[in-house]
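Worksheet for the structure shown next.
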Amino acid sequence: MDNIRILIGDSDQSYVEALVRFLLGSGEGYGITYYTDPDAFDKDKKAYDVGLLTEPYIRMLEGRDAERIHVRHIIQLCGSMDSGYRMYETIYKFQSMQTFLEKIDGIEMREPHKASRFAVKTEFTGIYSPMRHELELPFSLLYSQIMSEKGKTLFIDLEENSILNQMIHKTPECSLLDVIYEMEQQKKNFRLELCTETFNGFAYIGPVSNPSELVNIVESQWLKLLDACRAAHYNHVVMLFGTLPQGFLNMIKEIDQMLLLGKPGNYYQAGAIQFASSVKKMNPDISIQEVLLPLSAGSANNDYRFEEMMEGNLGVYMRKSFAGGQRNVAAGR
């Protein structure tokens with residue numbers, strides 16, 4: 001339990017000092033930072049493993065100005081036995097302080113750090129547009145193409161009504177549902193590479209042909225698919241989400257970053273802010289970037305070829321914003 005970084009936020013100074021004395025005297029080797037002044041708390045820029053915070057401090061952490069503080073696990077300090085704020089874990093302040101040690105130890109037992117069993121570190125990027133930007137698919141394809149210049153890349157289209165096949169003028173032999181079926185049938189002998197197609201330097205899995213097919217894919221199958229991506233040694237896996245699938249709560253814990261695609265303007269950004277807050281609760285370690293794309297598909301001709309979009313304004317924007325590792329986008333953490 002050494003080196004666990006704990007952040008405490010509570011305006012009751014006497015209580016905080018007593019809690020700090022107990023934790024420091026427990027012999028667990030915690031690193032503790034505490035605040036009883038909200039203004040001082042708001043200026044913190046460090047990262048912590050555990051946050052023991054009262055509701056006002058949690059609300060500050062949720063605010064955009066407080067996002068520079070990164071807390072892996074939040075536990076709400078409650079002054080009564082009533083349920084806490086939103087869906088955070090809670091602990092009643094005025095009980096045996098041994099309970100605090102048990103609660104912190106339980107967090108570590110629940111999510112231990114594990115060494116990867118795969119030789120290549122696979123980075124998962126989710127792309128989601130809360131307002132369903134009409135360019136989310138070409139954006140995702142261009143992003144996958146850019147990432148393929150940096151390593152072996154796979155694109156997975158999870159939209160329930162995708163026009164991917166029309167856009168690239170190719171019908172794949174295997175759809176996403178076929179991949180799931182083969183994975184379940186072949187089990188340990190399954191090789192994801194045999195079920196993928198290639199396009200512009202990256203591999204991809206064809207979308208489902210019927211929107212209802214996504215409903216039948218369950219959480220355990222999604223997690224097996226992510227493991228199959230790791231076993232295939234992809235450096236980058238890009239996943240475009242449409243309607244969020246079953247098991248998204250545990251899927252998001254496996255994803256390294258989310259790109260939230262939207263347009264400039266408070267109306268469009270409200271959904272992104274709300275979604276980002278929810279995702280951060282599910283996976284405190286995830287990196288979230290809001291990408292404001294001030295373009296539309298209105299100028300596309302009837303056959304909406306991807307090649308034309310790549311050479312147009314979208315391609316220029318993507319190369320400027322993402323090529324070479326530069327991400328000139330509105331970003332949040």
Side-chain angles (χ1 to χ4, degrees), residues 64 67 70 121-160 162 164 167 199-205 207 222 226 229 234-245 248-249 251-265 268-297 306 309-310 313-333:
R64 300 194 73 185
E67 286 182 351
H70 177 59
K121 171 67 172 73
T122 301
E123 179 185 67
F124 290 93
T125 297
I127 298 176
Y128 179 67
S129 178
M131 45 78 70
R132 300 310 296 263
H133 198 297
E134 67 267 32
L135 292 176
E136 59 187 1
L137 177 56
F139 172 91
S140 301
L141 291 171
L142 275 166
Y143 183 81
S144 298
Q145 181 176 320
I146 290 171
M147 298 311 294
S148 71
E149 298 170 2
K150 305 173 185 180
K152 185 179 177 183
T153 298
L154 173 69
F155 171 60
I156 306 177
D157 189 350
L158 302 182
E159 295 177 291
E160 67 280 4
S162 175
L164 173 62
M167 182 168 288
F199 176 76
N200 281 29
F202 61 88
Y204 74 94
I205 295 175
W222 289 122
L226 298 187
C229 294
Y234 285 104
N235 299 101
H236 307 283
V237 175
V238 180
M239 307 173 71
L240 172 59
F241 290 95
T243 300
L244 299 181
F248 181 73
L249 173 61
M251 285 181 70
I252 200 66
K253 295 176 182 178
E254 304 293 324
I255 294 177
D256 299 286
Q257 66 169 339
M258 285 289 294
L259 302 182
L260 301 184
L261 188 61
K263 293 183 178 181
Y268 295 112
Q269 292 176 262
I273 294 171
Q274 179 174 294
F275 183 77
S277 177
S278 299
V279 166
K280 269 298 202 182
K281 292 178 186 177
M282 295 183 237
N283 179 2
D285 285 339
I286 198 170
S287 172
I288 300 176
Q289 294 182 325
E290 184 183 12
V291 182
L292 304 182
L293 187 60
L295 303 171
S296 72
F306 173 75
M309 292 187 174
M310 183 173 64
N313 291 335
L314 178 61
V316 172
Y317 173 88
M318 293 294 290
R319 286 190 290 271
K320 179 181 178 182
S321 299
F322 293 94
Q326 299 300 315
R327 299 182 179 178
N328 302 317
V329 296
R333 175 77 180 169

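As a basis for the values below, the full set of heavy atoms in this structure was taken, side chains included, without hydrogen atoms, waters or symmetry mates.
- When all heavy atoms of Leu261 and Glu136 are compared, the closest pair comes out as CD2-CA, 3.5 Å.
- In this pair, Phe202 and Phe155 present their aromatic rings perpendicular. The plane angle is above 60°, beyond the 30 to 60° band.
- Between Arg132 and Glu160, at least one side-chain N (NZ, or NE/NH1/NH2) sits under 4.0 Å from a carboxylate O, which counts as a salt bridge.
- No side-chain heavy atom of Leu164 sits under 4.5 Å from any side-chain heavy atom of Glu159.
- Under a 3.5 Å cut-off, the side chain of Ser287 and the backbone N or O of Gln257 do not form any donor-acceptor pair.
- Nearest heavy atoms, Leu154 versus Cys229: CD2-SG, 3.7 Å.
- Scanning for ring-ring contact (aromatic ring centres under 6.0 Å, His included) contacts around Phe241 gives Phe248, with sequence neighbours left out.
- For the side chain to side chain contact (heavy atoms under 4.5 Å, CB included) criterion with Val238, the lone passing option out of Tyr204, Tyr143, Phe124 is Tyr143.
- In this structure, Lys253 contributes its side chain and Met282 its backbone to no donor-acceptor pair below 3.5 Å.
- Among residues two or more places apart in sequence or in another chain, the side chain to side chain donor-acceptor pair (under 3.5 Å) test is passed with His133 by none.
- Nearest approach of Ala203 to Tyr234, heavy atoms of both residues: CB-OH, 3.8 Å.
- A distance-only check finds a donor-acceptor pair linking the side chain of Asn283 to the backbone of Ile252 [under 3.5 Å].
- Within the 4.5 Å cutoff, the side chain of Leu141 has no heavy atoms near those of the Asn200 side chain.
- In terms of heavy-atom proximity, Ala272 sits nearest to Pro130 at CA-CG, 3.9 Å.
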Derivation and outcome, side chain to side chain contact (heavy atoms under 4.5 Å, CB included), residues Gln145 and Met318: CA-CA 10 Å; Gln145 181 176 320; Met318 293 294 290; over 6 Å; no
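- Residues Glu123 and Asp256 share a closest heavy-atom pair of CA-OD2, 3.3 Å.
- Leu135 has its side chain out of reach of Tyr317: every pair of non-hydrogen atoms, C-beta onward, lies at least 4.5 Å apart.
- Annotation: the span from Met239 atom CE to Ile205 atom CD1 amounts to 8.5 Å, rounded to 0.5 Å.
- In this structure the side chain of Met147 reaches within 4.5 angstrom of the side chain of Lys150, judged on heavy atoms.
- Annotation for Leu240 and Ser140: closest pair CD1-OG, 3.5 Å, computed over non-hydrogen atoms.
- Counting heavy atoms from C-beta outward, Phe275 and Met258 have side chains that approach closer than 4.5 Å.
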